[in-house]
Amino acid sequence: MNASFILSFVCPDRSGIQSKVSSLLYSNDAFLTDVQSYSDKDTQSFFSRIVFSVTSEDIINKINKELQILSIELDMKWSVDEQEKKVKTVIAVSKLGHCLNDLLFRAKYRNMPIEIVGVVSNHEDFREIVEFNNIPFHFLPIEKNIDSKLKQESLFQKVVEDSDADMIVLARYMQILTKELSNKWFGKCINIHHSFLPSFKGANPYEQAFSKGVKLIGATAHFVTPDLDEGPIIEQNIERISHYDSIEDLIRKGNDIESIVLARAVRWHAEKRVLINGNKTVVFT
């Protein structure tokens, strides 16, 4: 065995944290290949991501046991994941498929470190392309009443549980999750918003941007929280536009930005590069 692992952790800031963790790994003959850390003075928290390799299963088991002991001393939240393991992912989509199609392509041909184990939609539009890729398609329609929404969310949750998914991606899924589901999935559910948040929240942001005569449009990928479009931001990007651009031009350009921004956020989260820091994130790129 010669395998690489990713240790990511957060704990209250104090002196000597990285030294203690690195010494633990060194003492177990781990070979460190990438070490990144960040100390946030505002929240007084310490964040780190360490990539290391070991030569036997016994060693990684011993490291995990010692980390468990050290985590008590440091009040540390931590995880160790195999670097090559793909993250099981469920994607949700409505009637705009550019982000879905981009993720399908990247997962199959561009080494995106995810395994798409299901696609949920409240419309049938993308059944063909999903099933063409040999991925289960779950048509979960919603009527305009709370009972239907709660029933649909229960089925959505069952898809996630049955597929053992560790990540949910809302790829232009035009439904607002209930507070209960948003809280349950906090830190594992990523949404793409077709606006450079916090500007132009809610529906029709391109129409809002056009009416304001803006010169920049963008997209934001963030973790889902009960507060609409207020979750910790993972990635954003923008593109310059001009008075020549119509609303259709804004939408076309915006769709491209959305796909790129969501793909980056999904990849970084799958690679354990994103750590939540209150209302913000620490992203080790």
Side-chain angles (χ1 to χ4, degrees), residues 87 89-114 116 119-121 123 125-126 129-130 167-177 188-225 227-271 273-274 276 279-285:
V87 176
T89 302
V90 169
I91 298 175
V93 64
S94 290
K95 300 196 75 172
L96 296 173
H98 52 283
C99 288
L100 167 67
N101 190 55
D102 182 71
L103 290 173
L104 290 171
F105 180 81
R106 291 175 188 271
K108 190 170 184 177
Y109 298 110
R110 290 294 180 267
N111 299 318
M112 176 71 78
I114 62 173
I116 303 174
V119 173
V120 167
S121 182
H123 298 279
D125 299 53
F126 302 111
I129 190 172
V130 172
M167 188 192 321
I168 303 99
V169 178
L170 308 186
R172 293 305 304 273
Y173 181 62
M174 305 306 290
Q175 294 292 321
I176 299 173
L177 301 184
K188 63 185 291 187
C189 184
I190 296 173
N191 181 50
I192 183 67
H193 192 279
H194 42 307
S195 171
F196 195 66
L197 294 178
S199 300
F200 307 127
K201 300 177 186 177
N204 303 318
Y206 292 122
E207 286 82 352
Q208 295 179 53
F210 182 81
S211 67
K212 292 290 187 180
V214 302
K215 303 305 181 187
L216 295 170
I217 60 170
T220 302
H222 63 95
F223 286 116
V224 172
T225 64
D227 297 320
L228 182 62
D229 300 331
E230 293 283 351
I233 292 171
I234 303 170
E235 171 64 341
Q236 296 180 296
N237 205 354
I238 57 174
E239 181 169 336
R240 180 165 292 279
I241 58 171
S242 77
H243 55 278
Y244 288 108
D245 289 308
S246 65
I247 292 178
E248 290 73 22
D249 293 328
L250 266 63
I251 293 173
R252 173 177 52 81
K253 292 179 178 181
N255 287 350
D256 291 340
I257 304 172
E258 293 164 27
S259 298
I260 292 170
V261 168
L262 182 59
R264 287 175 181 165
V266 169
R267 176 178 292 278
W268 294 342
H269 183 63
E271 293 176 346
R273 296 181 181 275
V274 184
I276 294 175
N279 296 322
K280 301 185 291 184
T281 60
V282 172
V283 183
F284 294 117
T285 58

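All heavy atoms count here, side chains included; hydrogens, waters and symmetry mates do not.
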Applied to residues 231-242, the salt bridge (charged side-chain N to carboxylate O under 4.0 Å, His left out) test, sequence neighbours excluded, yields Glu235-Arg264
When every non-hydrogen atom of Val283 is compared with those of Ile234, the smallest separation belongs to CG2-O, 3.8 Å
d(Ile241 CD1, His243 NE2) to nearest 0.5 Å is 11.5 Å
Check: Using 30° and 60° as the class limits, which term best fits the ring planes of His222 and His193: parallel, tilted or perpendicular?
Finding: tilted
Heavy atoms of Gln236 and Thr220 approach each other most closely as NE2-OG1, 3.0 Å
Heavy atoms of Ala171 and Cys99 approach each other most closely as CB-CB, 3.9 Å
Rounded to the nearest 0.5 angstrom, the CD1-CD1 distance for Ile238 and Ile257 is 8.0 Å
Residue set satisfying side-chain hydrogen bond (donor to acceptor under 3.5 Å, both in side chains) with Ser94, at least two apart, ordered chain then number -> Asn122
For Ile190 and Ala265, the nearest pair of non-hydrogen atoms, with its separation, is CD1-O, 4.0 Å
Review point. Is it true that a side-chain atom of Ser242 and a backbone atom of Tyr244 form a donor plus acceptor pair closer than 3.5 Å?
Key: yes
Review point. Any side-chain heavy atom of Val169 sitting closer than 4.5 Å to one from Ile192?
Key: no
Hits for side chain to side chain contact (heavy atoms under 4.5 Å, CB included) against Ser121, two or more places apart or cross-chain, chain-then-number order -> Val93, His123, Phe137
Rounded to the nearest 0.5 angstrom, the NE2-CG distance for His194 and Asp229 is 8.5 Å
In this structure, CD of Glu230 is separated from CG of Asn279 (nearest 0.5 Å) by 9.0 Å
Using side-chain heavy atoms (C-beta onward) and a distance below 4.5 Å, is Met174 in contact with Lys95? no
Rounding to 0.5 Å, atoms CD1 (Ile217) and CD1 (Ile251) come to a distance of 9.5 Å
dist Asn237:CG -> Ile260:CD1 (nearest 0.5 Å) comes out at 7.0 Å
Sorted by chain and number, sequence neighbours left out, ring-ring contact (aromatic ring centres under 6.0 Å, His included) with Phe284 holds for none
Sorted by chain and number, sequence neighbours left out, side chain to side chain contact (heavy atoms under 4.5 Å, CB included) with Asp249 holds for Asp245, Ser246, Arg252
Between Ala263 and Leu103, the two heavy atoms sitting closest are CA-CD2, 4.2 Å
Looking only at heavy atoms, the pair that brings Ile114 and Met167 closest together is CG2-CE, 4.1 Å
Heavy-atom check, side chain of Asn255 versus side chain of Leu96, under 4.5 Å: no
### Query
How about Phe126 and Val119: do any of their side-chain heavy atoms sit closer than 4.5 Å?
no
With a 3.5 Å cut-off and sequence neighbours excluded, list the donor-acceptor pairs that the side chains of residues 104-113 form with protein atoms.
{"unit_1": "Arg106", "atom_1": "NE", "unit_2": "Asp102", "atom_2": "OD1", "d": "3.1"}
{"unit_1": "Arg106", "atom_1": "NE", "unit_2": "Asp102", "atom_2": "OD2", "d": "2.6"}

Lys188 side chain near Ile168 side chain, heavy-atom distance below 4.5 Å: yes
